[in-house]
Amino acid sequence: MSAKNTIQKFNAIAAKTDETLKINPYSDNYEQPKWDKAANDYARPPPGSKTEKRGIRAGDYVTREILFLMEVINENAAGEHPNRSVKFGPLFYTYAHYSDKLVGMLLRARKYGLVAFDGEMLYQRQDDHKDIVMLKSLDEIKRTMRYTGDPVNCITFVP
């Protein structure tokens with residue numbers, strides 16, 4: 001092997017080490033990354049990674065959980081659509097038999113336009129009297145709701 005090849009290999013290893021040190025926050029050569037918040041891959045795991053697979057599974061779980069929540073609300077709600085509603089207190093106690101994620105799922109369901117309720121957040125006992133109104137019928141939800149494969153916006157509605 002010639003000296004020129006050895007120098008090229010050494011320089012390649014040095015360049016690789018420099019790149020590794022630039023992304024290591026404990027290195028003296030660390031460079032703060034510049035993020036483009038408008039990019040499609042902003043705040044998303046690398047494609048094909050285990051993190052992405054976990055996110056996809058979580059999105060699928062959230063979709064099924066929201067559908068189940070809407071079924072529970074429909075079973076316990078009073079009135080006719082579009083004024084079908086249930087009080088938060090009774091729903092909390094009913095849903096507690098199935099899951100401890102009621103408030104989080106209600107927030108997600110509100111994000112997707114499935115339910116409406118007053119206030120930013122719902123608290124046990126304090127908000128037991130608040131109405132949770134179904135904005136779409138259960139049949140319409142089941143017919144049009146689809147999982148997108150995107151953990152951030154996991155639900156879409158098709159006509």
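Position 1 is the first residue of the sequence, and the numbers go up from there. Nothing here was measured: the structure is a model prediction, and the numbers come from that model.
- With sequence neighbours excluded, the residues forming a ring pair (Phe, Tyr, Trp, His ring centres under 6.0 Å) with Tyr98 are Phe68, listed by chain and number.
- Between Phe157 and Tyr112, the shortest heavy-atom contact is CE1-O, 3.6 Å.
- Using a 4.0 Å cut-off between charged side-chain N and carboxylate O, Glu19 and Lys22 make a salt bridge.
- The NZ atom of Lys136 lies 10.0 Å from the CZ atom of Arg143; values are rounded to the nearest 0.5 Å.
- Looking at residues two or more places apart in sequence or on another chain, you find no side chain to side chain donor-acceptor pair (under 3.5 Å) involving Arg108.
- Of all non-hydrogen atoms in Pro45 and Ser49, the two that sit nearest each other are CB-OG, 3.7 Å.
- Shown here are the salt bridge (charged side-chain N to carboxylate O under 4.0 Å, His left out) partners of Lys130, two or more places apart in sequence or in another chain: Asp127.
- Applying the side chain to side chain donor-acceptor pair (under 3.5 Å) criterion to Tyr95, with sequence neighbours excluded, gives Glu65.
- Judged by distance alone, with hydrogens and angles left aside, the side-chain atoms of Asp128 form a donor-acceptor pair with the main-chain N or O of Arg125 at under 3.5 Å.
- Residues Val158 and Leu114 do not share a hydrophobic cluster, defined by chaining ILVMFWY side chains whose heavy atoms lie under 4.5 Å apart.
- In this structure, Tyr147 belongs to a hydrophobic cluster whose other members, linked by side-chain heavy atoms under 4.5 Å apart, are Ile56.
- Here CD1 of Ile155 is found 3.5 Å from CD1 of Ile66. Values are rounded to the nearest 0.5 Å.
- Sequence neighbours left out, not one pair with a member in residues 110-123 passes salt bridge (charged side-chain N to carboxylate O under 4.0 Å, His left out).
- In this structure, CG on Leu107 lies 7.0 Å from CG on Leu122, to the nearest 0.5 angstrom.
- Pairs of residues two or more places apart, or lying in two chains, that qualify as salt bridge (charged side-chain N to carboxylate O under 4.0 Å, His left out) and include a residue from residues 147-159 are Arg44-Asp150.
- Every pair passing salt bridge (charged side-chain N to carboxylate O under 4.0 Å, His left out) that includes a residue from residues 85-97 is listed here, sequence neighbours excluded: Lys87-Asp131.
- Closest approach of Leu69 and Leu102 over heavy atoms only: CD1-CD1, 3.5 Å.
- Here the CZ-CG distance, from Phe88 to Leu106, works out to 6.5 Å after rounding to the nearest 0.5 Å.
- Heavy atoms only, all atoms of each residue included: Phe117 and Ile132 are closest at CB-CG1, 4.3 Å.
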Identify all side-chain donor-acceptor contacts of residues 24-32 below 3.5 Å with residues at least two apart in sequence or on another chain.
from	atom 1	to	atom 2	distance (Å)
Asn24	OD1	Tyr26	N	3.0
Ser27	OG	Leu21	O	3.3
Ser27	OG	Asn29	N	3.0

Next item on the list: Go through Leu67 and Thr63 one step at a time and tell me if the side chain to side chain contact (heavy atoms under 4.5 Å, CB included) criterion holds.
Entry: CA-CA 6 Å; Leu67 183 59; Thr63 302; 5.9 Å; no
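- Legend: residues meeting side chain to side chain donor-acceptor pair (under 3.5 Å) with Thr51, ordered by chain and number and at least two apart, are Arg54.
- A search for side chain to side chain donor-acceptor pair (under 3.5 Å) contacts involving Asp18 returns nothing, not counting sequence neighbours.
- For the residue pair Val115 and Leu135, the shortest heavy atom distance occurs at O-CD1, 3.6 Å.
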For a quick test of your reading: what N or O donor-acceptor pairs under 3.5 Å do the side chains of residues 70-77 make, sequence neighbours left out?
from	atom 1	to	atom 2	distance (Å)
Glu71	OE2	Lys142	NZ	3.4
Asn74	OD1	Arg84	NE	3.0
Asn76	ND2	Val72	O	2.8

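- The backbone N or O of Asn153 sits less than 3.5 Å from a side-chain atom of Thr148, completing a donor-acceptor pair.
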